[in-house]
Amino acid sequence: MNCEKIQELILTDYLDGQMQGKQKECVEQHLLRCFRCREFLEHARKTVVEPFTRAGRDIPPEFIWARIRESIIAEKERPAYAVPGFLEKLISRFRVLSPYPVIGTVIMAIFIIGIAIQFKTSTTARVKSEVQEQIEYLVSVTEMTPGNSMNEKTGFGTVIEEYFL
Amino acid sequence: MQDIAHDILIQASKGDVDSFELIYKAAAGFVYNVAFRVIGNRQDAEEITQEVFLVIYHKLKYFRFQASFKTWIYRITMNRAINRYKKNLRERGGMVEYDETVCPVIVPHEIENKINQEQCEDTVISLLKSLNPDQKACIVLRNIEGLSYQEIAEALKININTVRSRLKRARESLIALGKEVVKNEL
Ligand SMILES: [Zn+2]
């Protein structure tokens, strides 16, 4: 192996101790003979490994767990029939926006539009929930089987996956 | 990251908050520190940690126990942290602010005093800053968290040779940066 190839291996597997057997022997034999590569190894250790072994670590602040716990418990205690937050907001906004003379018109309009799209929404809602289930299944399969994706060359997979991660 | 017992995972997947707290205690250090190193500021690291554990809590019931729980946490953390970093980059026109003032709490033994500690921290930050997010992720997982190539490949969902080439390029540019710094100091 020439110096270029040796230095490439030094920068990866050799520095990281991911090398065994014949290949490691080969690199070490070369290092015995070649001053330039020995120097390169020394320099690489100092500049790309040692600074990070001296990196400190932080303890996560305690309020993080407190917030997580709070959010989990709030969710558990929320009754199943509760109106979702955004609907609640929407309703309260309508209450503010509707003075008496307008109410009748608005109610009529909503009533008519409601009937007109009822059939459509009931169908799309069903389709949507099926799609949702399928996505969840796909995600549970792709996220949780680390072995399966090893042949992929791409980064973070699909849009669906990124949404769920 | 500490190992997490199987029965704790089972209990937590049924919604038991105390068991989930044990998972949090075992993994929060990893999640928080990796997020901090990738993104560069503590406030985002706190938010990402919170997000990651809420995702874990909600999806634990779908988790298939023959797969590695650690790998799953690695993946969720890396995905969220890298995406947050990229988002910050987009929103702030390519300039990301790094926390450089506060030093980490746990410091390796060989660093005796505060000045040394601050210097080390400055070096780590400026080295990481110079890398693109993909390279940075590999360096953080390998050099700070000590993951193997195989574990990094699984965490980032990339081929093991892609791990090699990203580490190689990252280190080449760190070496070049080192030379540049020396040249400027002379
Ligand atoms: Zn040589």
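A note on names: the letters A, B, ... follow the listed sequences, proteins ahead of strands, and every chain is numbered from 1. No experiment lies behind these values; they were computed from the predicted model shown.
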Tell me the closest heavy-atom pair linking B:A28 and A:P60, and the distance in Å. O-CG, 3.7 Å

Answer with side chain, backbone, both or neither: which region of B:R164 has an atom nearer than 4.5 Å to a non-hydrogen atom of chain A? both

For residues 19-37 of chain A, give me every residue with a non-hydrogen atom less than 4.5 Å from any non-hydrogen atom of chain B. none

Out of curiosity, B:I160 CD1 to A:Q18 CD, how far, rounded to the nearest 0.5 Å? 7.0 Å

Please name the pair of heavy atoms, one in B:R171 and one in A:L15, separated by the smallest distance, quoted to 0.1 Å. NH1-CB, 4.4 Å

At a 4.5 Å cut-off on heavy atoms, which part of B:Y57 comes close to chain A: side chain, backbone, both, or neither? side chain

Do A:I64 and B:Y24 come close enough that some side-chain heavy atom pair is under 4.5 Å? yes

Between A:R67 and B:E47, is the closest basic N to carboxylate O distance under 4.0 Å? no

Suppose we screen for ring-ring contact (aromatic ring centres under 6.0 Å, His included). Which residues come up paired with B:F30, at least two apart in sequence or across chains? B:Y74

A:I73, B:I23: one ILVMFWY side-chain cluster at the under-4.5 Å cut-off? no

In short, A:P51 meets B:V124 closest at the heavy-atom pair O-CG2, 3.4 Å

With a 4.5 angstrom heavy-atom cut-off, is it the side chain or the backbone of B:N143 that approaches chain A, or both, or neither? both

Roughly how far apart are A:T53 OG1 and B:I144 CD1, rounded to 0.5 Å? 10.0 Å

Nearest 0.5 angstrom please: A:I10 CD1 to B:K168 NZ, how far? 13.0 Å

Heavy atoms only, distances under 4.5 angstrom: which of B:L127, B:N33, B:L128, B:V163 has the most pairs with chain A? Name it, please. B:N33

Contact summary for A:K76 and B:G15, nearest pair of heavy atoms: NZ-O, 2.6 Å

ring-ring contact (aromatic ring centres under 6.0 Å, His included) against A:F52, all qualifying residues, sequence neighbours excluded: none

Atom pair CD (A:E8) and CD (B:E172), whose distance is rounded to the nearest 0.5 Å: 7.5 Å

Could you tell me which residues in residues 42-50 of chain A have at least one non-hydrogen atom under 4.5 Å from a non-hydrogen atom of chain B, sorted by residue number? A:H43, A:A44, A:T47, A:V48, A:V49

Derivation and outcome, side-chain contact (heavy atoms from CB on, under 4.5 Å), residues A:W65 and B:K25: CA-CA 9 Å; A:W65 170 248; B:K25 282 183 176 154; over 6 Å; no

For B:F20, is it the side chain, the backbone, both, or neither that has a heavy atom closer than 4.5 Å to a heavy atom of chain A? both

Report the distance from atom CG of A:D16 to atom CG of B:L147, rounding to the nearest 0.5 Å. 11.5 Å

Does A:R57 form a side-chain contact (heavy atoms from CB on, under 4.5 Å) with B:E145? I'd like the steps, not just the answer. CA-CA 10 Å; A:R57 288 180 76 80; B:E145 296 299 326; 2.7 Å; yes

Working to the nearest 0.5 Å, report the span between CZ of B:R166 and OG1 of A:T12. 15.0 Å

Below 4.5 Å from any heavy atom of chain A, which atoms of B:S148 appear? Answer side chain, backbone, both or neither. both

Considering all heavy atoms of both residues, which atom of A:P61 and which atom of B:E46 are nearest to each other, and what is their separation? CG-OE2, 3.8 Å

Where on B:E21 is there a heavy atom nearer than 4.5 Å to chain A: the side chain, the backbone, both, or neither? both

B:R37/A:D58 salt bridge by N-O under 4.0 Å criterion: no

